[in-house]
Amino acid sequence: MAIFLSLLLILLFPSTNADWPLSPGYWPSSKFRPVSFYKGFRNLWGPSHQSVNQNALTIWLDRTSGSGFKSVRPFRSGYFGASIKVQPGYSAGVITAFYLSNNEAHPGFHDEVDLEFLGTTFGKPYTLQTNVYIRGSGDGKIIGREMKFHLWFDPTQHFHHYAIFWSPKEIIFLVDDVPIRRYPRKSAATFPLRPMWVYGSIWDASSWATEDGKYKADYKYQPFVAQYTNFRAGGCSAYSPAWCRPVSASPFRSGGLTRQQYRAMRWVQRYLMVYNYCRDPKRNHALTPECWS
């Protein structure tokens, strides 16, 4: 009887603690084969600050340089993921990133989709920033579309899987297969449609990364290290035939999310989202019409 009453209380008064997200019920990372670093990527900059050991990539930042890498092929849609572990301790001012971009193909007028770890100070959690730039909104006068989250785990202790799903209809950001953000295509003007490459990097962004630049990178804690492994990618490259069908982040071939995935995403956004550009009263929302359309 006591067990029955306990179960009844749990059902009637479910916990609201933000301890762990609901199960998404679907794990898209399992649908894509791992890609070795040397097969899918190449060094882009900072070669002396990059090493590969048993398909685990380590990149680091010190006073002299950071480092970055880039996919061999551009894509026009797909699933792109990596398991990442970031620097513990003081990491203010340091950005560890995994993202899509066509900046080199369209300098000054590029598209970009970001997953960025914003470095932090002692005793404070990392912030994971998601962002989308369209046709130069990340160049010159910046028009960001940021949503920021704390995580339900410590990203410095173990590898966790972070992914960007991009199709002509939507962008979905995932952490350990849990959708944390869906950015739907509402118009061509507010959605990236040109081919992009996959990138990763670690660099000094002291001017803005941690509490709007309040805390800077402190190189007495160098090197700042990030590790990437379990790269997974699949989709339509820019060289694929026109009939190449975009992949999906859900069981539905047409895209979108299941009810269970939506419930998991709403849980994360309710308990762990710390910033949403659409709710920022200081922003000029005439520049981000997708917030209200």
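All residue numbers refer to positions in the sequence shown, counting from 1. Everything quoted here is computed from the prediction, not taken from an experiment.
- Under a 3.5 Å cut-off, the side chain of Q269 and the backbone N or O of R266 do not form any donor-acceptor pair.
- When hydrophobic clusters are built by joining Ile, Leu, Val, Met, Phe, Trp and Tyr residues whose side-chain heavy atoms come closer than 4.5 Å, directly or via intermediates, V86 is not grouped with V225.
- S254 is listed as a side-chain neighbour of K169, based on a closest heavy-atom distance under 4.5 Å.
- Aromatic ring centres of Y79 and F165: separated by at least 6.0 Å.
- Note: the hydrophobic cluster containing Y215 also contains Y275 (ILVMFWY, side chain heavy atoms under 4.5 Å, direct or indirect links).
- In this structure, CH2 on W267 lies 13.0 Å from CE on M273, to the nearest 0.5 angstrom.
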Which atom pairs, one a donor and one an acceptor, fall under 3.5 Å between side chains of residues 49-60 and the rest of the protein, sequence neighbours left out?
unit_1: H49; atom_1: NE2; unit_2: D62; atom_2: OD1; d: 2.9
unit_1: H49; atom_1: NE2; unit_2: D62; atom_2: OD2; d: 3.0
unit_1: H49; atom_1: NE2; unit_2: T64; atom_2: OG1; d: 3.2
unit_1: Q50; atom_1: OE1; unit_2: N43; atom_2: ND2; d: 3.4
unit_1: Q50; atom_1: NE2; unit_2: S67; atom_2: OG; d: 3.1
unit_1: Q50; atom_1: NE2; unit_2: G68; atom_2: O; d: 3.3
unit_1: N55; atom_1: OD1; unit_2: F37; atom_2: N; d: 2.8

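- One finds no salt bridge joining E170 and R181 here, because no Lys/Arg side-chain nitrogen approaches an Asp/Glu carboxylate oxygen to under 4.0 Å.
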Check the pair W197 / Y99 against side chain to side chain contact (heavy atoms under 4.5 Å, CB included), numbers first and verdict last. CA-CA 8 Å; W197 285 258; Y99 62 105; over 6 Å; no

Might you work through the side chain to side chain contact (heavy atoms under 4.5 Å, CB included) test for L128 and E116, ending with a clear yes or no? CA-CA 6 Å; L128 182 67; E116 297 174 308; 5.9 Å; no

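- The number of heavy atoms from other shown groups lying within 6.0 Å of NZ (K186) is above 12.
- A 4.5 Å side-chain heavy-atom check between F173 and V113 finds at least one atom pair inside the cut-off.
- Taking all atoms of both residues into account, the shortest heavy-atom contact from F149 to I180 is CZ-O, 3.3 Å.
- Closest non-hydrogen pair, I172 versus A249, comes out as CD1-CB, 4.0 Å.
- Using a 4.5 Å heavy-atom cutoff, the side chains of H110 and S101 are in contact.
- Hydrophobic clustering of Ile, Leu, Val, Met, Phe, Trp and Tyr side chains at less than 4.5 Å, counting indirect connections, unites V132 with M196.
- Side-chain atoms of W166 come within 3.5 Å of backbone N or O of P192 as a donor-acceptor pair.
- The NE2 atom of H158 sits 8.5 Å away from atom OG1 of T156, with the distance rounded to the nearest 0.5 Å.
- Separation of atoms CG (D111) and CG (D139) is listed at 9.5 Å; rounding is to 0.5 Å.
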Applying side chain to side chain contact (heavy atoms under 4.5 Å, CB included), run through M147 and C278 and close with a yes or a no. CA-CA 9 Å; M147 287 179 67; C278 285; over 6 Å; no

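- The two residues T258 and P24 have their closest heavy-atom pair at OG1-O, 4.1 Å.
- When hydrophobic clusters are built by joining Ile, Leu, Val, Met, Phe, Trp and Tyr residues whose side-chain heavy atoms come closer than 4.5 Å, directly or via intermediates, Y38 is not grouped with V72.
- Note that OG1 of T96 and CG of L115 are 12.0 Å apart. Values are rounded to the nearest 0.5 Å.
- Between the CG atom of L118 and the OG atom of S91 there is a distance of 9.5 Å, given to the nearest 0.5 Å.
- Within 6.0 Å of the CZ atom in R73, the count of heavy atoms belonging to other residues, nucleotides or ligands does not exceed 12.
- In this structure, the side chains of L272 and W152 come closer than 4.5 Å at one or more pairs of heavy atoms.
- Annotation: the span from L287 atom CG to R145 atom CZ amounts to 8.5 Å, rounded to 0.5 Å.
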Would N131 and Y183 count as a side chain to side chain donor-acceptor pair (under 3.5 Å) if you check the C-alpha gap in whole Å, the side-chain angles of each, and the deciding distance to 0.1 Å? CA-CA 10 Å; N131 203 356; Y183 181 87; over 6 Å; no

Just do the side chain to side chain donor-acceptor pair (under 3.5 Å) check on S29 and H161 with the steps written out, would you? CA-CA 8 Å; S29 66; H161 200 73; 5.0 Å; no

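- Remark: of the listed residues F98, Y162, Y228, F224, Y162 is the sole one forming a ring pair (Phe, Tyr, Trp, His ring centres under 6.0 Å) with F117.
- Looking only at atom types and distance, the side chain of Q87 has no donor-acceptor partner in the side chain of Y126 under 3.5 Å away.
- Residues T130 and D114 fail the side-chain proximity criterion, which asks for heavy atoms closer than 4.5 Å.
- Between H160 and F153, the ring center distance clears the sub-6.0 Å criterion.
- Formation of a donor-acceptor pair under 3.5 Å by the R76 side chain with backbone atoms of S237 is found in this model.
- No chain of hydrophobic side-chain contacts below 4.5 Å, direct or via other Ile, Leu, Val, Met, Phe, Trp or Tyr residues, connects V178 to M265.
- The two residues S167 and P246 have their closest heavy-atom pair at CB-CB, 4.3 Å.
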Go through the steps to decide whether E104 and K70 satisfy the test salt bridge (charged side-chain N to carboxylate O under 4.0 Å, His left out), and finish with yes or no. CA-CA 11 Å; E104 293 173 278; K70 177 184 178 181; 2.8 Å; yes

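- Side chain of R63 to backbone of Q222: no donor-acceptor contact under 3.5 angstrom is found.
- Donor-acceptor pairing under 3.5 Å is lacking for the side chains of R253 and S248.
- Here the side chain of T210 pairs no donor or acceptor atom with the backbone of G213 at under 3.5 angstrom.
- In terms of heavy-atom proximity, A188 sits nearest to L193 at CB-CD1, 4.2 Å.
- When only modelled atom types and interatomic distance are considered, Y133 and N103 share no side-chain donor-acceptor pair under 3.5 Å.
- Residues S250 and Q261 approach most closely at CB-OE1, 3.2 Å, considering heavy atoms.
- Aromatic ring pairs are classed by plane angle as parallel below 30°, tilted from 30° to 60° and perpendicular above 60°; the pair F122 and Y90 is tilted.
- Residue pairs meeting the ring pair (Phe, Tyr, Trp, His ring centres under 6.0 Å) criterion with at least one member in residues 237-264: none, sequence neighbours excluded.
- Not a single donor-acceptor pair under 3.5 Å links the side chain of E112 to the backbone N or O of L100.
- The side-chain heavy atoms of P223 and L61, taken from C-beta on, include no pair separated by under 4.5 Å.
- Between T190 and P289, the closest side-chain pair of non-hydrogen atoms falls below 4.5 Å.
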Working note: T288 + Y277, criterion side chain to side chain contact (heavy atoms under 4.5 Å, CB included); need CA distance, chi angles, decisive distance, verdict. CA-CA 9 Å; T288 56; Y277 75 106; 3.9 Å; yes

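- R182 is listed as a side-chain neighbour of L257, based on a closest heavy-atom distance under 4.5 Å.
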